[in-house]
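Residue numbers count from 1 along this sequence. Every number for a ligand or one of its atoms is a count from 1 in the order of the listing.
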Amino acid sequence: MYDFAPDSALSKAELHGELLSAADAITAGESDGVANMANVAALIWQYLPDLNWAGFYRVIGQELVLGPFCGKPACIRIGWGKGVCGTAAAAAATQLVEDVHAFPGHIACDAASRSELVVPVLRDGNVIVIIDLDSPSPARFDSEDARALEELAALLSSRI
Ligand code: SME
């Protein structure tokens, strides 16, 4: 049994630190990428407040295909360059979207989503996966969240 339980009194920076430590601990020594993505989706869900979706899309051919996640059932396939996720994959760059309704081509998997953070995971210079976080609150994510998720992406690069 794993017992990762964030303390509700932790600051945002502390929560990020604990999330990274927990993700490192739970994926260390495990070579199965699906298992690691599943556990990390669960950790993100547990450690980061005010989310309505947290998970992964995998780059398969010229599109993104749904991976392990927490939240409502979501779009299965996203075209390269489409939506926030496809844009992050095509640009190999983090997308921090304060208002999803203002993002051209945003794909609404859950109508409750108001802001979104998408971070690519790169291996050998290629995007292999994207991490997607959605929140029901506008402007839920900031550059501190982006940096923490980019650290998480770097950690996972060789473990998924
Ligand atoms: N909103 C995303 C689609 C994925 S869901 O949020 C889970 C997008 O525009 O790419």
Which donor-acceptor pairs under 3.5 Å do side chains of residues 103-120 form with protein atoms, sequence neighbours excluded?
residue, atom, partner, partner atom, Å
His106, NE2, Glu116, OE1, 3.4
Asp110, OD1, Ala112, N, 2.9
Asp110, OD2, Asn52, ND2, 3.0
Ser113, OG, Asn52, ND2, 3.1
Ser113, OG, Asp110, O, 3.3
Ser113, OG, Asp134, OD2, 2.8
Ser115, OG, Ser137, O, 2.6
Ser115, OG, Arg140, N, 3.1

Pairwise salt bridge (Lys or Arg N to Asp or Glu O under 4.0 Å) hits with a residue in residues 44-63, at least two apart: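 Matches after skipping sequence neighbours: Glu63-Arg77.
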Identify each donor-acceptor pair in which a side-chain atom of residues 83-96 lies under 3.5 Å from a protein atom, sequence neighbours left out, and give them as a table.
residue, atom, partner, partner atom, Å
Thr87, OG1, Gly83, O, 2.6
Thr94, OG1, Glu150, OE2, 2.5
Gln95, NE2, Ala93, O, 3.2

Donor + acceptor pair across side chains of Glu30, Thr27 (<3.5 Å): no
Side chain to side chain donor-acceptor pair (under 3.5 Å) evaluation trace for Ser21 with Glu18: CA-CA 5 Å; Ser21 300; Glu18 299 254 318; over 6 Å; no
Residues in contact with ligand 1, criterion: heavy atom under 4.0 Å: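 Ligand 1 is contacted, at a heavy-atom distance under 4.0 Å, by Trp53, Tyr57, Ala74, Ile78, Gly83, Val84, Cys85, His106, Ile107, Cys109, Glu116, Asp132, Asp134.
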More than 12 heavy atoms from other groups under 6.0 Å of NZ on Lys12: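 Above 12, so yes.
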